[in-house]
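Values below: every heavy atom of this structure, side chains too, minus hydrogens, waters and symmetry copies. Please read all numbers here as calculations on a predicted model, not as lab measurements. Just so we're on the same page: letters track the sequence lines, and every chain starts at 1.
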Amino acid sequence: MTTVTTGQAQQYAKPLPRATPDSEPYWQHLKEHRLHIQRCTGCGKFRMYPRPMCDQCYSFEHEWVPASGKGTIYSWGVVHQPVHPAWREEFPFAIVEVELEEGVRLRATMVDVPSEQLSIGMPVEIVYDDVTDEVTLPRFRRAL
Amino acid sequence: MTHPLRDKVAVVGIGETRYSKNSGVSDLTLQLQGFKLACDDAGLDPKKIDGIVAMTLGACSEDYMTNFGIPDVRFAARPEMGGASPVASLQLAAAVLDAGICNYVLTIVGRNQRSGQRLGGGMGVAPPQFKVVAEHEMPMGVFIPAQWYAPMARRHMHEYGTTFEQFAAVSVTQRYHASLNDNAMMRDLITVEDHHHSRWVVDPFRLLDCCLETDGVAAVILARADRAKDMRHPPVYVSGVAEGHPESPMSITQRKEMTVFGVTKAAPRAFAMAGVGPKDIDVAGLYDCFTFTVINQLEDIGFCGKGEGGPMVESGATRLGGSLPVNTHGGLLSQGHVQGMNHICEATRQLRGTAGASQVKDAEVALLSGYGDYGDGSVAILRR
């Protein structure tokens, strides 16, 4: 398991996710450095982002199942000008769309790959970024 | 069977303030000016307006009622489809006018989007359809449309071989159109090299791939066809109109096919309602928040096959004199950004025959598209 820490708890100035009752387990798992994805108990369909019901069978029953954390880059963009002041020292930075092995995607940032080395289909794997004592964000690195 | 709403309502008034970087007046003053301009064009006392569609980030219907002393508004609505809202509001107007709920619907958008609150400063309280992105993607640094859509554009380049030269072709073409327009913010001609040398905003979007930020307001008034015949200008009929929402409407990230927009659903409905097809369109106003969205919508609306939008814009087909002139006013890229209400105004001028230097000769049928939020789409077909 890989951890990076980009935030200093006292100084973290970027927006933090506000968990909802439906997404709270997702963030709690990340805090424990585990990526879990919702899967419908009724029909087995994975879904992302977290929400109450399955759009295929309408079941509200679901389980949180461990995901491999591995996937490939589906697409990306490179941000060249700051929008939020907290990113002022970091741009340019790439925002990647990662397609996980389970079929759902995450939009996140990379920790180790310069944007000019990104390519569609590049294998990546999750790393856990403890940005505060309470919040861990998913990020990605080149798969080993 | 003829669609029951085909040609039942018409655009009877259009109004646009100057488009600028700094209007020098308050948001509300600008909005009231736009409202009044549309009424003047229609030859209507503002007090006669009894239906109002006001957009997100603008004044509310009550502002207009209050300031114009409108005595009896019977219909007020506020669509939440971002840039797809103005064209979608034509569908709302057609339905309520045909139903006899009211007589004149005024649909309006705009504010001091450049000198006032800019998008890059954050949007304050996110509208409800943004909540998933606010939770999961804002913490990654994703805030603005250029960031939302850049991965779609790159995916299009990957799947179909779309090039930066083709993005540039959209930008250069529309700047040429804007150069002919007295009320365009950017009128100096540009080249493909200028496009390539403009700075990156969010790769693959350069500055000249991105729409303007504009102080300005545009408004359109619609009435039933029977009433429209006796008004100041010849009626421009709403022959077909539809909206369409993409798969995974709250998250582009989770969309299976990232380059398929809501207009893929709206376009066939609008064409069927109007009883025409892509080949019948004389002039088009396509939502151009980015050069890429023009290319993608040419495909999704059916003007060319999937993946052929890039070659189509590069061929010159979308330039004045081409087979399908697109955004003959300069669009959001070069005229000004009022969420495409300016496209409706321009289509109306084209069909009235009053588009001046940008007039498409004998234009009879125009198509408009809207694109907003995470891929919402709307399509309207107007005819004279």
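A donor-acceptor distance shorter than 3.5 angstrom exists from the side chain of A:Arg105 to the backbone of B:Arg255, with no hydrogens or angles considered.
With a threshold of 4.5 angstrom between heavy atoms, A:Thr20 approaches chain B through its backbone and through its side chain. For chain B, the nearby parts of A:Trp76 are the backbone and the side chain; heavy atoms of each come within less than 4.5 Å. Both the backbone and the side chain of B:Gln147 come within contact range of chain A, judged by heavy atoms closer than 4.5 Å. At a 4.5 Å heavy-atom cutoff, A:Pro92 makes no contact with chain B through either its backbone or its side chain. Contact of A:Phe91 with chain B is not made at all, since no heavy-atom distance falls under 4.5 Å. For B:Met258, the parts lying near chain A are the backbone and the side chain together; criterion is any non-hydrogen pair under 4.5 Å. When heavy atoms are compared at a cutoff of 4.5 Å, B:Ser251 approaches chain A solely by way of its side chain, counted from C-beta outward.
With a 6.0 Å radius and a threshold of 12 heavy atoms from other residues, nucleotides or ligands, B:Met138 has its CE atom above the threshold. In the displayed structure, B:Asp188 atom CG is contacted under 6.0 Å by at most 12 heavy atoms of other residues, nucleotides or ligands. Sparse packing is recorded around NZ of B:Lys21, with 12 or fewer heavy atoms of other residues, nucleotides or ligands lying under 6.0 Å away. The environment of A:Glu116 atom CD is dense: over 12 non-hydrogen atoms of other residues, nucleotides or ligands sit within 6.0 angstrom.
Below 30°, between 30° and 60°, or above 60°: for B:Phe143 and A:His84 the angle between ring planes is below 30°, a parallel geometry.
Note that CD of B:Glu135 is 10.5 Å distant from CZ of A:Arg18, once rounded to the nearest 0.5 Å. The CE atom of B:Met140 sits 10.5 Å away from the NZ atom of A:Lys14 when rounded to the nearest 0.5 Å. Rounding to the nearest 0.5 Å places CZ of B:Arg154 at 7.0 Å from CD1 of A:Ile120. B:His156 contributes atom NE2, which lies 12.0 Å from atom OG of A:Ser75 (distance to the nearest 0.5 angstrom).
Most heavy-atom pairs under 4.5 Å with chain A: of the set B:Lys131, B:Lys256, B:Met250, this distinction falls to B:Lys256.
Taking all atoms of both residues into account, the shortest heavy-atom contact from A:Leu106 to B:Thr253 is C-CG2, 3.9 Å. Closest approach of B:Pro139 and A:Leu16 over heavy atoms only: CG-C, 4.0 Å. Taking each heavy atom of A:Gly77 and B:Ala150 in turn, the nearest pair found is CA-CB, 4.2 Å.
Ring-centre distance between B:His136 and A:Trp27: below the 6.0 Å cut-off.
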*Before giving the answer on side chain to side chain contact (heavy atoms under 4.5 Å, CB included), spell out for A:Gln81 and B:Arg199 the whole-Å C-alpha distance, their side-chain angles and the decisive distance to 0.1 Å.*
CA-CA 10 Å; A:Gln81 67 181 70; B:Arg199 64 181 165 83; 2.4 Å; yes
*Evaluate the criterion side chain to side chain contact (heavy atoms under 4.5 Å, CB included) for residue pair A:Arg47 and B:Gln254; output intermediate values, then yes/no.*
CA-CA 9 Å; A:Arg47 64 179 182 261; B:Gln254 304 302 337; over 6 Å; no
*Could you please spell out the steps behind the side chain to side chain contact (heavy atoms under 4.5 Å, CB included) verdict for B:Ile252 and A:Arg107?*
CA-CA 10 Å; B:Ile252 292 167; A:Arg107 186 178 289 205; 4.0 Å; yes
